[in-house]
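So you know, we letter chains A, B, ... as the sequences are listed, proteins then strands, and number each from 1.
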There are 4 protein chains.
Amino acid sequence: MGPTGRRGRPRSEAADARILDAALESLLDRGYDRFSVDEVAMQAGVAKTTLYRRWPTKDHLIVTVVARLQDSVPVEYTGDVRADLTHYLGEIVAGLHRMRQAGRPATSGDASAGLVAEVAAAAARHADVGAAVQAMFHRRNALVLTLLEHAREHGELHADVEPEVLFDQLAGALYYRLLVTGRPIDEAYVDRLVASTLRGASA
Amino acid sequence: MGPTGRRGRPRSEAADARILDAALESLLDRGYDRFSVDEVAMQAGVAKTTLYRRWPTKDHLIVTVVARLQDSVPVEYTGDVRADLTHYLGEIVAGLHRMRQAGRPATSGDASAGLVAEVAAAAARHADVGAAVQAMFHRRNALVLTLLEHAREHGELHADVEPEVLFDQLAGALYYRLLVTGRPIDEAYVDRLVASTLRGASA
Amino acid sequence: MGPTGRRGRPRSEAADARILDAALESLLDRGYDRFSVDEVAMQAGVAKTTLYRRWPTKDHLIVTVVARLQDSVPVEYTGDVRADLTHYLGEIVAGLHRMRQAGRPATSGDASAGLVAEVAAAAARHADVGAAVQAMFHRRNALVLTLLEHAREHGELHADVEPEVLFDQLAGALYYRLLVTGRPIDEAYVDRLVASTLRGASA
Amino acid sequence: MGPTGRRGRPRSEAADARILDAALESLLDRGYDRFSVDEVAMQAGVAKTTLYRRWPTKDHLIVTVVARLQDSVPVEYTGDVRADLTHYLGEIVAGLHRMRQAGRPATSGDASAGLVAEVAAAAARHADVGAAVQAMFHRRNALVLTLLEHAREHGELHADVEPEVLFDQLAGALYYRLLVTGRPIDEAYVDRLVASTLRGASA
DNA sequence: TTATAATCGAGACGGTACGTCGCGTCTTACC
DNA sequence: GGTAAGACGCGACGTACCGTCTCGATTATAA
């Protein structure tokens with residue numbers, strides 16, 4: 001047994017919680033750019049040092065907050081590929097909706113686009129943030145990719161279907177709409193998207 | 001011809017050019033975040049006033065610069081849907097590659113991701129930038145969408161194929177990889193992507 | 001004739017004045033340590049950058065302020081060495097008194113001691129501040145030294161009197177009391193000091 | 001004797017020593033401003049708690065350290081006023097020299113000036129430090145003042161010489177040079193200073 | 001030819017946030 | 001109770017960059 005006894009005063013978990021709460025609130029009603037670390041610390045009743053000891057950068061903090069927003073409840077898959085994919089994409093869309101109205105006062109366009117883009121930018125700015133973001137998505141999508149692989153092996157999808165590519169098409173379409181074309185992403189779109197993608201993939 | 005209606009000293013076109021050049025250079029070797037308007041103005045030998053008279057915001061300037069990078073040579077389409085799609089996606093990828101090495105020194109991941117994300121963020125920040133970006137993409141993609149529509153009408157694609165959705169799948173997959181998963185985007189991938197997408201769409 | 005025309009927006013002299021006023025006030029009623037650049041800028045209605053453009057450091061600013069406090073009205077010398085010295089030392093003491101009550105609330109001891117010590121410390125921290133302080137004292141004392149030299153040449157002081165050493169004894173005693181022993185410095189002391197110093201120097 | 005009245009673990013004297021050593025070293029090669037309590041504690045291999053239990057303030061610690069540097073070997077006085085004064089001033093100067101090169105890398109000026117000024121400032125900041133410093137100087141100078149008084153009583157100095165004022169002139173000149181004019185303080189200067197001061201004082 | 005007016009280079013300005021530093025206190029577990 | 005470790009609150013620092021402004025100096029059209 002190595003020396004288990006942690007030395008020194010332990011980090012306050014309460015502080016973590018208060019910071020994340022304050023950050024989330026600040027993020028949602030001020031948006032990424034007007035979000036201020038100083039303000040979050042104040043709102044959380046915490047010294048800035050306490051915050052920076054945990055997240056070395058505004059970017060790091062925000063990514064953590066957004067990741068929480070995106071975390072979806074784990075799901076039981078039914079085995080019906082179409083239904084499961086539709087359901088999963090629906091959850092992604094729901095996660096995006098959770099960051100609606102971040103900052104901008106009811107202007108046209110989807111406010112979550114800004115946040116998603118900023119997170120992607122943050123990921124590019126800091127290697128470690130990038131790694132964390134990729135890991136998060138990887139973890140999130142692992143189950144669906146397994147599902148697709150399984151379906152392929154059991155003949156529900158053509159043998160030459162590549163799960164990763166297939167999933168790129170699905171998730172990619174959502175993000176493309178959100179970030180680039182700005183066109184709406186609703187249930188109907190998800191259905192059409194899944195239909196279009198599975199048209200040739202289903203056995 | 002009578003009076004032009006313009007009085008006063010005309011704007012220097014040379015200034016426009018010098019600013020854009022300096023901005024491009026600065027953008028490529030410093031990246032978006034360390035890009036500074038002051039520095040660009042200095043490098044261009046131009047007063048900040050002169051710059052801000054043309055682009056009201058750092059974001060506006062950068063979007064202009066990036067748009068230039070992305071402009072591709074217009075193309076004659078052959079009518080072969082698979083080939084034309086593959087070719088067009090290739091051009092998109094080439095455009096992205098043109099922003100490689102922006103700022104970050106040979107870290108893992110694609111430097112262009114940062115720029116793309118920042119532009120998306122800028123689009124979300126300013127309504128007019130957003131409109132411009134969407135218009136740019138719309139213009140760029142119009143021909144391909146027309147091509148797809150034409151192919152559908154001529155029976156090369158199934159009647160129930162929706163060109164817009166199909167294209168979302170293709171372009172989306174590219175951006176998803178670039179911004180989210182960080183996985184490589186090469187010729188081989190484009191081929192597999194087009195194959196996967198067209199598998200069920202071709203008549 | 002070189003190009004006299006200054007380029008760019010000239011510095012606001014009003015800003016200088018407002019900053020120095022605010023700094024003086026802040027210094028006197030908060031003292032050196034609780035003096036805050038942020039607060040001064042706010043009180044002066046000036047951006048912090050505007051302040052830092054003029055004084056690169058809190059120390060630089062404070063030294064300027066203190067120097068102003070010490071500036072004495074130029075004096076006509078009578079030629080009576082004892083009287084002139086006494087008068088000049090009195091002015092030095094008056095300058096020190098002007099920084100009384102800086103910060104500390106009526107505790108024992110002379111508050112100006114703190115300020116003088118801090119200025120000396122600042123002079124040691126920054127070479128340029130040191131140079132400025134030395135220059136200030138040199139300028140201030142130049143006249144008296146000339147006076148002493150003149151008196152020596154005209155036989156009012158012994159031929160082997162060294163004005164600089166003599167003045168060190170006088171001014172030094174004042175600062176020594178202020179900074180080290182903390183004993184009071186009043187008119188009577190100045191008289192005794194001058195008497196003691198001139199006892200052997202007068203012809 | 002019964003119980004000491006002390007319970008629990010006794011304070012480690014080794015800790016005192018290690019702290020003072022580390023503090024001295026840190027002070028000499030980093031100077032007052034870049035001197036940090038955290039660093040000293042780390043260098044001494046001691047918890048900050050341990051340090052603060054002994055010295056309630058950075059200032060208190062530093063004053064202790066500097067006091068050690070200044071402590072001079074007690075001296076037998078010969079009765080020759082000029083020689084004894086010269087010798088004693090020489091010891092003061094030696095004490096000052098012992099704080100040379102504190103922090104600043106071979107810039108012009110005397111590094112010890114910074115330390116002396118900082119100690120004076122600390123004395124002004126904390127009443128107890130001030131008292132301690134004054135007591136220290138009082139103790140140090142007591143013998144010399146007695147010597148002067150004795151000399152006056154025995155007719156070696158004029159009857160109206162005030163020992164305290166005389167000593168202010170001597171010590172003051174040294175500190176004035178050190179802190180204000182920055183001019184060098186060497187053996188020759190001490191000789192000239194003593195000569196100038198005693199010129200009129202000797203019977 | 002001389003107003004008039006917009007542009008240009010230069011650089012100061014107000015504003016806002018950043019991330020860092022150091023002090024002195026507090027909270028652990030261990031001795 | 002002392003000690004090592006280290007988190008914490010507090011407060012200020014000096015920096016960076018944005019987008020606006022104020023200068024004096026140009027450079028065009030219009031009267």
Side-chain angles (χ1 to χ4, degrees), chain A residues 3-12 15 33-39 41-42 45-59, chain B residues 2-12 14-15 33-39 41-42 44-59, chain C residues 3-12 15 33-39 41-42 45-58, chain D residues 6-12 15 33-39 41-42 44-59:
Chain A
T4 323
R6 287 283 167 278
R7 309 284 269 242
R9 177 174 177 175
R11 294 220 176 142
S12 157
D33 30 353
R34 288 184 301 164
F35 175 99
S36 133
V37 175
D38 273 277
E39 209 214 45
M42 208 194 60
V46 145
K48 251 204 303 184
T49 28
T50 299
L51 193 158
Y52 275 104
R53 201 171 291 117
R54 293 159 166 76
W55 295 277
T57 275
K58 171 181 169 172
D59 280 340
Chain B
T4 349
R6 302 254 165 250
R7 300 223 297 180
R9 178 171 174 175
R11 293 209 180 150
S12 153
D33 32 347
R34 291 187 301 163
F35 175 100
S36 124
V37 175
D38 283 75
E39 208 215 43
M42 209 194 58
V46 145
K48 272 207 289 179
T49 328
T50 302
L51 192 158
Y52 275 105
R53 200 172 288 119
R54 293 158 166 77
W55 295 277
T57 276
K58 169 180 170 175
D59 281 337
Chain C
T4 322
R6 287 282 166 279
R7 309 285 269 241
R9 178 174 175 173
R11 292 215 179 147
S12 158
D33 32 351
R34 287 185 301 164
F35 175 98
S36 133
V37 176
D38 272 278
E39 208 213 46
M42 207 193 60
V46 146
K48 249 202 306 182
T49 27
T50 297
L51 193 158
Y52 275 104
R53 200 172 292 117
R54 292 160 166 75
W55 297 278
T57 277
K58 171 181 169 172
Chain D
R6 302 257 169 246
R7 302 223 294 180
R9 176 172 173 178
R11 292 208 181 153
S12 155
D33 34 346
R34 290 186 301 164
F35 174 99
S36 123
V37 175
D38 282 75
E39 207 214 45
M42 208 192 61
V46 145
K48 270 205 293 178
T49 328
T50 301
L51 191 156
Y52 274 104
R53 200 172 288 116
R54 292 157 167 77
W55 295 276
T57 275
K58 169 180 170 175
D59 280 338

Closest non-hydrogen atoms of C:Arg54 and C:Ser12, given as atom of the first, atom of the second and distance, are NH2-O, 3.0 Å

Could you state the OH-P distance from B:Tyr52 to F:dT22, rounded to the nearest angstrom?
17 Å

Between F:dG9 atom P and A:Leu51 atom CG, what is the distance in whole Å?
10 Å

Calculate the interatomic distance between C:Lys48 atom NZ and E:dC13 atom P; express it in whole Å.
16 Å

Nucleotide E:dC23, atom P - distance to NZ of D:Lys58 in whole Å:
5 Å

By salt bridge (charged side-chain N to carboxylate O under 4.0 Å, His left out), which residues pair with A:Lys48, not counting sequence neighbours?
A:Asp38

Taking atom types as they are modelled, is there a donor-acceptor pair under 3.5 Å from the base of E:dA10 to the side chain of B:Thr49?
yes

Quiz item: A:Arg9 side-chain donor-acceptor pair to F:dC8 base, under 3.5 Å:
no

Describe the nucleic acid contact of D:Pro10 in one word from base, sugar-phosphate, nothing, applying a heavy-atom distance below 4.0 Å.
sugar-phosphate

D:Asp38 CG to F:dA5 P, straight-line distance once rounded to whole Å
13 Å

Of C:Arg53 and B:Val46, the one whose nearest nucleotide on DNA chain E sits closer to the 5' end is B:Val46

Starting from the 5' end of DNA chain E, give me the residue, B:Arg54 or A:Asp59, whose nearest nucleotide shows up first.
B:Arg54

Starting from P on E:dA12, measure out to CH2 on C:Trp55 and report it in whole angstrom.
14 Å

Residues which pass salt bridge (charged side-chain N to carboxylate O under 4.0 Å, His left out) with A:Arg53, listed by chain and number, not counting sequence neighbours
none

Please check the phosphate of F:dG19 (OP1 and OP2 only) for any side-chain N or O of B:Thr57 closer than 4.0 Å.
yes

Atom-to-atom span, CE of B:Met42 to P of F:dC17 - whole angstrom
12 Å

Answer with base, sugar-phosphate or nothing: what part of the nucleic acid does B:Thr50 contact at a heavy-atom distance below 4.0 Å?
sugar-phosphate

Would you please confirm or rule out a distance under 4.0 Å between OP1 or OP2 of E:dC21 and any side-chain N or O of D:Ser36?
no

Below 4.0 Å: OP1/OP2 of E:dA10 and any side-chain N or O of C:Arg11:
no

Go through it in stages, so that I can follow the logic: the residues are C:Val37 and C:Tyr52, the test is side chain to side chain contact (heavy atoms under 4.5 Å, CB included), and I'd like the CA-CA distance, side-chain angles, deciding distance and then a yes or no.
CA-CA 9 Å; C:Val37 176; C:Tyr52 275 104; 3.6 Å; yes

Value in whole Å for how far the P atom of E:dG15 lies from CZ of A:Arg34:
18 Å

Test side chain to side chain contact (heavy atoms under 4.5 Å, CB included) on D:Glu39 and D:Arg34 and set out the steps.
CA-CA 10 Å; D:Glu39 207 214 45; D:Arg34 290 186 301 164; over 6 Å; no

Residue pair A:Gly45/C:Gly8 against DNA chain F: nearer the 5' end by closest nucleotide is A:Gly45

